[in-house]
Amino acid sequence: MSLVLYNASKIKSYENLKAMFKSIGENIELADKLWQEMLIDQELLEEFNYFVVNGTLKGTAKCGELTLLDIYFSQMNKYNIYHDMGKNTDVCNKNRMILNSFFEMISMRKQPDYMVDFERKEDSGLDKM
């Protein structure tokens, strides 16, 4: 008699990802796009699962010296500058920013000069005349 082990963790992760996309009003096709990337990048999948359980990013997924947390914080700062606020309000959709951070990390890992692009995007221009 053979024993069959079944691990439903990836199914649960996918269901959580779809639910998160649904909660921010995005379509499932976009969730599927991110899921495809997570399937080939265990580090991102683990980071997502950590976020689902803990409500925060672990910060272990990296591209060079930048972590997923760095990307997320950068998005929060841009939001604050754009909305001229000192802090994020309840109106700020943090789940959307988390998901955008995952997409940004994937994009950065696919391009060799990611740091140049990241720094260019980070330059708000407010400190230069």
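Heavy atoms only: backbone and side chains are in, while hydrogens, waters and symmetry mates are out.
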* To do: Examine the side chains of Y14 and D32 and answer whether a donor and an acceptor come within less than 3.5 Å of each other.
  => yes
- Query: What's the spacing between D70 CG and Q75 CD if we round to 0.5 Å?
  - Reply: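 The distance works out to 11.5 Å.
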d(I98 CD1, F103 CZ) to nearest 0.5 Å is 13.5 Å
Exercise for the section: Taking all non-hydrogen atoms of both residues into account, name the closest pair between L68 and M105 and its distance. Expected result: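 What the structure gives for the nearest pair is N-CE, 3.5 Å.
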Run the side-chain donor-acceptor check on residues 48-63: report pairs under 3.5 Å with partners two or more places apart or on a different chain.
| residue | atom | partner | partner atom | Å |
| --- | --- | --- | --- | --- |
| N49 | OD1 | S13 | OG | 2.6 |
| N49 | ND2 | S13 | OG | 3.2 |
| N49 | ND2 | L45 | O | 3.4 |
| N54 | ND2 | Y50 | O | 3.0 |
| T60 | OG1 | E47 | OE1 | 3.3 |

Query raised in the report: Would you call K18-E15 a salt bridge at under 4.0 Å N-O?
Result: yes
Tell me whether E37 is salt-bridged to K110, with the criterion being a basic N under 4.0 Å from an acidic carboxylate O.
yes
Cut-off 3.5 Å, no hydrogens considered: what does the side-chain donor-acceptor table look like for residues 20-29, sequence neighbours left out?
| residue | atom | partner | partner atom | Å |
| --- | --- | --- | --- | --- |
| S23 | OG | M20 | O | 2.7 |
| E26 | OE2 | R96 | NH1 | 2.8 |
| N27 | OD1 | E29 | N | 3.4 |
| N27 | OD1 | L30 | N | 3.0 |

Subject >> S101 side chain to M97 backbone, donor-acceptor under 3.5 Å >> reply: yes
Checklist entry - Residues two or more places apart in sequence or in another chain: which of them pass side-chain contact (heavy atoms from CB on, under 4.5 Å) with L39? => result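 side-chain contact (heavy atoms from CB on, under 4.5 Å) check on L39 returns K10, W35.
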Next on the checklist: Within a 6.0 Å radius of atom CD on Q42, are there more than 12 heavy atoms belonging to other residues, nucleotides or ligands?
Outcome noted: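 Counting other residues, nucleotides and ligands, CD of Q42 exceeds 12 neighbours.
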- Would you say I106 and L34 make side-chain contact, with heavy atoms under 4.5 Å?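 Result yes, sub-4.5 Å side-chain heavy-atom pair found.
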